[in-house]
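Just so it is clear, the structure is predicted and the values come from calculations on it, not from any experiment.
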Amino acid sequence: MGCYAFSRNPVYLGFVGIHLSAAILLGSTAGVLATPVLIALISALHIEIEEAAMHSLFGREWETYSNKTGRWL
């Protein structure tokens, strides 16, 4: 399962990690403070929609996977 064994959304996790790393590297307080907003937006606008689709496609198999694997970690 690779990275999907640790996170249901490794691409979004990586994106947030790059954003936060760049903000810290550049000394951007606003960038660091924007990270929770970015996480909330990704969750609401992408992850929840994608996970609803996955649930309707895979049913119990998705429920089992999502119960044992964290959304972010």
So which residues get pulled into Val11's cluster when ILVMFWY side chains under 4.5 Å apart are joined, directly or through others? none

Might you point out which heavy atoms bring Pro10 and Cys3 nearest each other, and give the distance in Å? CG-SG, 3.6 Å

My understanding is that a hydrophobic cluster links ILVMFWY residues whose side chain heavy atoms are under 4.5 Å apart, including indirect links. Using that, what else belongs to the cluster containing Ile49? none

Of all pairs that satisfy side-chain hydrogen bond (donor to acceptor under 3.5 Å, both in side chains), the ones with a partner from residues 20-29, not counting sequence neighbours: none

Applying ring-ring contact (aromatic ring centres under 6.0 Å, His included), can you list everything that pairs with His19, at least two apart in sequence or on another chain? none

Residue pairs meeting salt bridge (Lys or Arg N to Asp or Glu O under 4.0 Å), one or both in residues 4-20, sequence neighbours left out, come to Arg8-Glu51

Going by salt bridge (Lys or Arg N to Asp or Glu O under 4.0 Å), name the pairs with one or both residues in residues 26-49, residues two or more places apart or in two chains. none

Output the distance between atom CH2 (Trp62) and atom CG (Leu57), rounded to the nearest 0.5 Å. 10.5 Å

Excluding Val32, membership of its hydrophobic cluster (Ile, Leu, Val, Met, Phe, Trp, Tyr; side-chain heavy atoms within less than 4.5 Å) reads Leu20, Ile24

Between OG on residue Ser7 and CG on residue Leu73, distance to nearest 0.5 Å: 5.5 Å

Using the side-chain hydrogen bond (donor to acceptor under 3.5 Å, both in side chains) criterion, which residues pair with Glu63? Sequence neighbours excluded. His55

So which pairs with a foot in residues 18-36 pass salt bridge (Lys or Arg N to Asp or Glu O under 4.0 Å), sequence neighbours left out? none

Would you say that Tyr4 contacts Tyr65 through its side chain, given a criterion of any heavy-atom pair below 4.5 Å between the two side chains? yes

Mind checking whether Leu13 and Phe15 sit in one hydrophobic cluster, side chains of I, L, V, M, F, W, Y counted as touching below 4.5 Å? yes

Quick note, salt bridge (Lys or Arg N to Asp or Glu O under 4.0 Å) partners involving residues 21-40, not counting sequence neighbours, are none

Please tabulate, for side-chain N and O atoms in residues 37-47, each donor-acceptor pair with protein atoms closer than 3.5 Å (sequence neighbours left out).
unit_1	atom_1	unit_2	atom_2	d
Ser43	OG	Ile39	O	3.0

Between Tyr12 and Arg71, is there a donor-acceptor pair closer than 3.5 Å when you use the side chain of the first and the backbone of the second? no

